[in-house]
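Just below is one structure, and these are the notes that go with it.
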Amino acid sequence: MRLLLGILDRVRPIFEDGGKLRPMKPVFDATENFFYAPSARTQNAPHIRDPLDLKRFMSMVIIGLAPCVVAAFYFFGLRMLAMIVVSYAAGGAVEMLFAVVRKEEINEGFLVTGLIFPLILPPGLPLWIVAVGVAFGVLVGKEIFGGTGRNPFNPALVGRCFLVLGYPGVMSATYIVPGSGPLGRLTEYVGVEAMTRATPLAEAKQGVVAPIADLFWGNVTGSAGETAAIAIIVGGVFLVLTRVANWRTVAGIIGSFTVLGLVLHYARPDDFAPVGWHLLAGGLLFGAFFMATDPVTSPITNGGKWAYAVIIGAATLLIRNLTGYVEGMMFAILLGNIAAPVLDDVAVRLRLRRLQHEG
Amino acid sequence: MKPRGGYNIRVAGRPAGAVEALPEPDTLYLPLRSRRFNFSEICVKDGERCGPGHAIAKDPENYFVPLLAPRAGTVRLDAVEGHIVLEDVAKLPEETYHPDDDLPHVPKDLGSSGMKRYKLLALGAWQFLHDAHTNALPDPFDTPSAVIASTIRLEPFLARGDVQVRKRLVNFTRGLEHLQALLEYQPIHLILPEVDSDLASRVRDTLRGHAWVNITYVPLRYPFDNFALLARGLGLKYDANSPVWAINSEGILAMDRALTMSHPCTVRLISLGGPAVDEPKHLKAMPGYPIRAIIDPRTSSESIRVLNGGGLTGDTVLEDQLGLDAECTGLTVLPEHTEREFLGFVRPGSDRRSYSRCFLSTLRAPAAERLTTALKGERRPCVSCNFCEEVCPAGIMPHLIHKLLYQDELEQAELTRIDLCVECGLCSFVCPSKIDLRREFIDGKQLIQEELHSEEVEA
Ligand code: SF4
Ligand code: SF4
């Protein structure tokens with residue numbers, strides 16, 4: 001592996017000041033530091049630092065997503081690979097372009113967005129729409145606000161929201177029927193020509209209720225990575241245990257969703273399906289574990305997190321059951337993102353009032 | 001006491017309890033500056049032969065606290081920039097103290113408590129006192145509202161307070177009594193570790209019957225030994241007119257030495273620790289002792305960084321500082337970061353110690369890691385992970401203050417209580433985006449003083 005470092009050392013001057021490819025330095029840096037831990041040393045006290053960096057932080061999310069990716073491959077076939085590649089390529093191009101123009105580093109946050117995005121799309125979506133969606137999400141959801149860390153909205157959700165509003169027909173007609181058997185669709189590459197079918201949440205509005213077991217194991221139509229509750233729970237619990245996802249957000253969403261669901265189900269059982277079913281259906285779990293927990297777009301204070309989570313849980317249930325939309329998670333999280341700064345502001349004020357009398 | 005935040009970093013290189021006396025030096029290089037002091041008033045002439053315990057310089061800004069010659073020697077004033085050099089150093093029997101030395105700034109009618117304070121100052125014991133809130137040297141002729149006497153030091157790695165108290169419990173108790181004699185009725189808060197060590201119970205037994213000592217137990221978690229945090233935890237508010245004094249066990253022992261034996265306090269116990277030290281231990285050293293002569297024989301690493309102080313708040317010892325300064329409590333030696341790990345971020349990391357739980361080591365019993373000066377990542381924008389707030393012992397929100405300072409919102413930063421920051425460095429340590437929060441806050445506080453409060457000082 002010394003060899004690779006040698007090559008990098010040799011080409012480095014081209015990207016340094018005065019080199020031919022100076023503007024591409026962010027790309028070179030990202031490549032170099034991807035392979036080799038950065039050479040930077042501390043300049044100030046503290047002279048020692050914790051080994052956690054953003055790369056590691058983000059790779060934890062990728063590991064957490066792995067079970068969902070496997071499930072998506074099993075149920076929807078090799079097409080998933082194409083979608084992931086397209087998502088990374090198109091989103092990465094936008095990210096790179098902005099890094100070069102802004103002369104800033106390329107940020108690891110994109111590694112997560114690029115993988116999450118295909119997982120929340122219908123598995124039969126034409127690839128060019130995937131590309132448009134992720135480019136829009138990264139551009140509008142993140143870059144115009146100044147890049148990772150400054151974006152108020154989750155970029156993947158902004159991309160999906162754009163597609164839902166811009167291409168509603170394609171978005172609802174590309175839910176491929178999942179594969180089954182020992183290999184599922186693992187050996188197939190199928191697009192919309194395979195059978196498509198409405199998602200359980202859409203069918204439930206017509207009175208067709210999918211069995212809970214199918215929702216649990218993922219043997220239903222739905223967004224690529226959102227169908228298998230078991231995979232989401234396994235990966236999500238991993239994220240919570242590593243403290244990359246905050247347990248308060250997850251517990252708050254699932255808790256408020258359950259409580260409100262129970263109350264409404266008993267008050268009006270005809271309009272509201274049992275809460276256990278709702279918990280496993282659609283994007284609720286995926287959103288709770290992987291999207292709402294994005295630290296950048298959720299409130300930073302613990303109090304704010306609870307309020308944010310309750311808003312998302314309750315809003316999802318209400319949107320699902322009281323509006324024309326069948327799935328509420330996406331709008332609920334975006335709503336939560338909007339509310340986040342306000343919630344934080346309140347929590348910070350309360351906190352400062354307590355600090356006032358110190359010292 | 002139930003403090004918040006805090007975190008114990010496990011770094012290899014913790015000094016053992018053993019104490020080694022350094023060989024007698026030939027030449028001493030006494031720096032004219034240390035963290036708090038600037039000994040700008042030189043009291044000796046070039047070529048003069050001075051005796052041990054002689055005041056060779058004083059700090060006029062700090063109640064003329066003296067820089068004492070630890071040994072007899074011949075003074076060289078211009079040999080090394082920023083230092084007084086003592087050549088042909090010899091260990092002579094210490095002269096005892098002569099109270100008739102003239103000190104113009106001392107009030108005439110001192111009384112007995114005043115005489116003691118004067119003696120403490122002249123014999124180099126006063127410099128162990130701190131204002132708990134501001135860390136400055138307290139006015140020797142002030143009356144404090146309370147005194148904090150701490151036996152714990154928690155930063156990796158500073159001289160542990162218990163090392164000395166263990167051997168000299170009698171002197172320690174006597175030092176506390178001397179301290180009490182300076183006060184009228186104000187309480188002394190003695191800080192002991194929460195763990196039930198045999199030392200703690202011995203101290204407790206010895207002090208039974210000393211009603212003026214309030215014992216407070218503190219968990220052994222960095223940085224709960226910080227004086228400002230202790231004062232806040234004890235509910236002692238800042239009041240410029242009646243400050244809270246704070247002193248470590250080393251200072252208590254120095255008080256005993258100065259007041260019981262009338263000997264100057266020149267030899268200090270310092271720690272020598274850190275991953276690059278072959279055998280971390282405590283050293284008996286004196287100010288001016290050549291730093292290279294301490295480090296070089298005790299490390300086998302090629303490329304090192306020497307810190308004056310601990311790994312979290314210490315400053316790099318620069319090339320132009322030759323000897324230990326008057327306030328040094330320890331030297332920490334870190335290996336410089338040179339190795340670049342291949343695909344480091346995907347390794348399971350069973351040998352990494354991290355505040356987060358993102359490494360496999362989470363599943364193992366805690367072990368100390370050989371940390372280097374590596375930044376361990378690249379500088380990134382804040383991702384609001386909240387780790388800094390979790391560890392902050394001051395209960396403030398470092399990420400928020402960081403954003404406010406970044407936007408130049410000094411007033412807001414002040415309202416967000418940047419002044420409560422005790423500069424422990426834990427926030428910078430844990431930040432995955434490698435933001436130099438501690439540095440920003442030190443600069444920010446200074447900027448706030450200059451921009452928002454400069455008129456107050458003039459008025
Ligand atoms: S803000 Fe200050 S007190 Fe809090 S962790 Fe950082 S350096 Fe320590
Ligand atoms: S630790 Fe760093 S990245 Fe995390 S919230 Fe604090 S400043 Fe932001």
Side-chain angles (χ1 to χ4, degrees), chain A residues 1-2 4-5 29 32-60 63 104-105 107-109 146-150 241-244 246 294-302 305 344 348 351-352 354-359, chain B residues 9 11 133 228 232 237-238 305 307 311-316 334 336-337 340-346 349 352-359 371-378 380-386 389 395-397 399-400 415-417 419-420 425 428-430 432-434 436 438-439:
Chain A
M1 284 311 135
R2 296 272 127 219
L4 182 57
L5 192 58
D29 284 347
E32 176 184 1
N33 290 334
F34 180 84
F35 287 112
Y36 290 97
S39 54
R41 295 175 182 174
T42 51
Q43 305 289 327
N44 290 304
H47 296 265
I48 45 179
R49 299 293 165 99
D50 193 275
L52 179 73
D53 67 350
L54 226 50
K55 268 199 192 66
R56 183 86 189 185
F57 198 80
M58 295 301 177
S59 17
M60 288 295 125
I63 295 175
E104 278 183 9
E105 342 63 39
N107 208 299
E108 288 79 11
T148 301
R150 306 186 186 100
L241 288 181
T242 54
R243 284 206 291 223
V244 169
N246 195 292
D294 168 23
V296 176
T297 55
S298 60
I300 188 162
T301 54
N302 289 340
K305 280 201 179 85
D344 261 344
V348 166
R351 178 73 167 279
L352 289 181
R354 249 185 298 145
L355 277 182
Q356 220 170 46
H357 304 290
E358 291 221 12
Chain B
I9 299 165
V11 199
H133 292 98
R232 266 176 236 162
K237 289 248 183 307
Y238 176 63
R305 184 184 295 182
L307 306 178
L312 284 153
T313 63
D315 299 313
T316 313
L334 298 172
E336 283 283 13
H337 165 58
R340 299 186 66 180
E341 213 178 25
F342 183 66
L343 287 181
F345 71 103
V346 293
R352 290 285 142 79
R353 290 303 308 164
S354 174
Y355 173 76
S356 70
R357 302 224 196 97
C358 294
F359 296 86
L371 288 174
T372 64
T373 59
L375 189 58
K376 303 272 181 84
E378 296 154 88
R380 291 282 182 259
C382 169
V383 292
S384 308
C385 68
N386 209 21
E389 185 180 332
I396 53 178
M397 289 165 274
H399 49 84
L400 182 63
L415 287 177
T416 320
R417 297 309 301 271
D419 58 307
L420 290 179
S428 309
F429 177 81
V430 297
S433 293
K434 311 295 163 188
D436 256 334
R438 175 179 183 266
R439 183 78 248 159

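Heavy-atom basis, side chains included; hydrogens, waters and symmetry copies ignored. First the proteins, then the strands, lettered A, B, ... as listed; each starts at 1.
Side chains of Val296(A) and Pro381(B) form no contact here, defined as non-hydrogen atoms less than 4.5 Å apart. Arg41(A) has its side chain within reach of Arg305(B): a pair of non-hydrogen atoms, C-beta onward, lies under 4.5 Å apart. Counting heavy atoms from C-beta on, the side chains of Pro295(A) and Asn386(B) never come closer than 4.5 Å. Arg438(B) has its side chain out of reach of Asn44(A): every pair of non-hydrogen atoms, C-beta onward, lies at least 4.5 Å apart. Taking 4.5 Å as the limit, every side-chain heavy atom of Pro432(B) sits out of range of all side-chain heavy atoms of Arg56(A). Counting heavy atoms from C-beta on, the side chains of Ser356(B) and Arg243(A) never come closer than 4.5 Å.
Side-chain N or O atoms of Arg357(B) include one that pairs as donor or acceptor with a backbone N or O of Leu241(A) at under 3.5 Å.
Contact count versus chain A (heavy atoms, under 4.5 Å) is highest, among Cys385(B), Gly425(B), Ser384(B), for Ser384(B). Comparing Gly395(B), Ala228(B), Ser433(B) by heavy-atom pairs within less than 4.5 Å of chain A, the highest count is held by Gly395(B).
Legend: residues meeting side chain to side chain contact (heavy atoms under 4.5 Å, CB included) with Thr297(A), ordered by chain and number and at least two apart, are Asn151(A), Asn154(A), Asp294(A), Asn337(A). Annotation: side chain to side chain donor-acceptor pair (under 3.5 Å) contacts of Asp344(A) (sequence neighbours excluded): Thr301(A).
Summarising the geometry, atom CG belonging to Leu371(B) is positioned 10.5 Å from atom OG1 belonging to Thr42(A); distances are rounded to the nearest 0.5 Å. Here Glu108(A) contributes atom CD and Glu378(B) contributes atom CD; the two are 6.0 Å apart, rounded to the nearest 0.5 Å. The CG atom of Leu375(B) sits 11.5 Å away from atom CG of Asp50(A), with the distance rounded to the nearest 0.5 Å.
Environment of CD in Glu336(B): crowded, with over 12 heavy atoms of neighbouring residues, nucleotides or ligands closer than 6.0 Å.
Listed here is the closest heavy atom pair of Cys358(B) and Thr242(A): SG-O, 4.0 Å.
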